[in-house]
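As structure tokens, the structure follows; a few thoughts come after it.
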Amino acid sequence: MVTRLGDLVLDPDRHVRDEREFTAFLARPEIAVLGWPAEVLRQWLWEFGDRDELRDDYGSVSLDRVTWDLEDVLCPDFDTMPTGASEAGLIDEFAGQHRHWLAAKSRYKPAVAADWETRGTWSVPPVLIHRSLLDPPGEGLQVVEGRTRVGILRGRRRDGLTTAETHLAWVGRPMA
């Protein structure tokens, strides 16, 4: 059984994938055995699992030892939450450009900006992991996928714009 991200063989041409291919990806034995929520698989392994940065940062994580829950995370917890070492500082770069990321000409749909304005949160929960799963282990949560979303949150908070008190996120923790 595959237990680590580096052991998975992922299609590097991920940008031309469609839903049928995602369904086939979910059915692969080494993916299905993980028992992860489809949205976590989509965001982490399907969309970005073949990126060198993610493999460097999370290659030591035993994937089959992670359990996932959709949790409410307090807004202040995101203020200093790190991402992987290979992309340190990226969240703060996004925070500095949060208005750009929600502008009409951004890559996001208008509904994403509307969610921020009306609900003060993202449309799709990001993927976080408890740092005890990392090598070396640490305390607290870390952003695996959703760095732009967390950056937008930080930027909006810094500028005094609407943000919710809690935000839904997929949180991976060690199995008991």
Using side-chain heavy atoms (C-beta onward) and a distance below 4.5 Å, is [X] in contact with [Y]?
X      : Y      : result
Ser60  : Leu134 : no
Leu63  : Val61  : yes
His130 : Leu141 : yes
Arg173 : Asp69  : no
Glu165 : Leu74  : no
Glu39  : Val124 : yes
Arg149 : Pro126 : yes
Arg99  : Leu161 : yes

Item checked: Where at least one partner belongs to residues 135-147, residue pairs that pass side-chain hydrogen bond (donor to acceptor under 3.5 Å, both in side chains), sequence neighbours excluded ->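 Qualifying pairs: Tyr58-Gln142, Glu87-Arg147, Arg131-Gln142, Glu145-Arg147.
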
Under 3.5 Å, which donor-acceptor pairs do the side chains of residues 110-119 form with other protein atoms, sequence neighbours left out?
from   : atom 1 : to     : atom 2 : distance (Å)
Asp115 : OD1    : Arg119 : NE     : 3.4
Asp115 : OD2    : Ser123 : OG     : 2.4
Glu117 : OE2    : Arg156 : NH1    : 3.1
Thr118 : OG1    : Ala114 : O      : 2.8
Arg119 : NH2    : Trp122 : O      : 2.9

Notebook entry, point to check: Taking the six-membered ring for Trp, are Trp46 and Phe25 parallel (under 30°), tilted (30 to 60°) or perpendicular (over 60°)?
Noted result: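 Rings of Trp46 and Phe25: tilted, 30 to 60°.
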
Value rounded to 0.5 Å, distance of [atom1] in [X] from [atom2] in [Y]:
X      : Y      : atom1 : atom2 : value
Thr148 : His100 : OG1   : NE2   : 9.5 Å
Glu21  : Leu26  : CD    : CG    : 12.0 Å
Asp57  : Asp52  : CG    : CG    : 10.5 Å
Arg51  : Ser86  : CZ    : OG    : 7.5 Å
Arg28  : Leu41  : CZ    : CG    : 11.0 Å
Asp77  : Leu153 : CG    : CG    : 10.5 Å

What heavy-atom pair brings [X] and [Y] nearest, and what distance separates the two atoms?
X      : Y      : value
Cys75  : Thr163 : SG-OG1, 4.1 Å
Met175 : Val66  : CE-O, 3.8 Å
Pro137 : Ser132 : CB-O, 3.7 Å
Leu128 : Trp68  : O-CZ3, 3.2 Å
Arg158 : Ala95  : NH1-CB, 3.5 Å
Pro125 : Leu168 : CB-O, 3.4 Å

Notebook entry, point to check: Could you go step by step and tell me if Val150 and Thr83 meet the side chain to side chain contact (heavy atoms under 4.5 Å, CB included) rule?
Noted result: CA-CA 10 Å; Val150 173; Thr83 191; over 6 Å; no

Item checked: Qualifying residue for side-chain contact (heavy atoms from CB on, under 4.5 Å) with Thr166, from Val73, Thr121, Asp72 ->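 Among the candidates, only Asp72 passes.
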
Check: Can you list the residues that meet the side-chain contact (heavy atoms from CB on, under 4.5 Å) rule with Asp56, with sequence neighbours excluded?
Finding: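 For Asp56, no residue satisfies side-chain contact (heavy atoms from CB on, under 4.5 Å) once neighbours in sequence are set aside.
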
Checklist line | Side-chain donor-acceptor contact under 3.5 Å, His98 with Asp159 | finding: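 Distance-only check passes for His98 and Asp159.
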
Notebook entry, point to check: Does Arg154 make a cation-pi contact with Phe94 (under 6.0 Å, within 45 degrees of the axis)?
Noted result: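 Not satisfied by the 6.0 Å and 45° rule.
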
Next item on the list: Tell me whether the centres of the aromatic rings in Trp170 and Trp36 are closer together than 6.0 Å.
Entry: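 No, they do not, as the ring centres are separated by 6.0 Å or more.
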
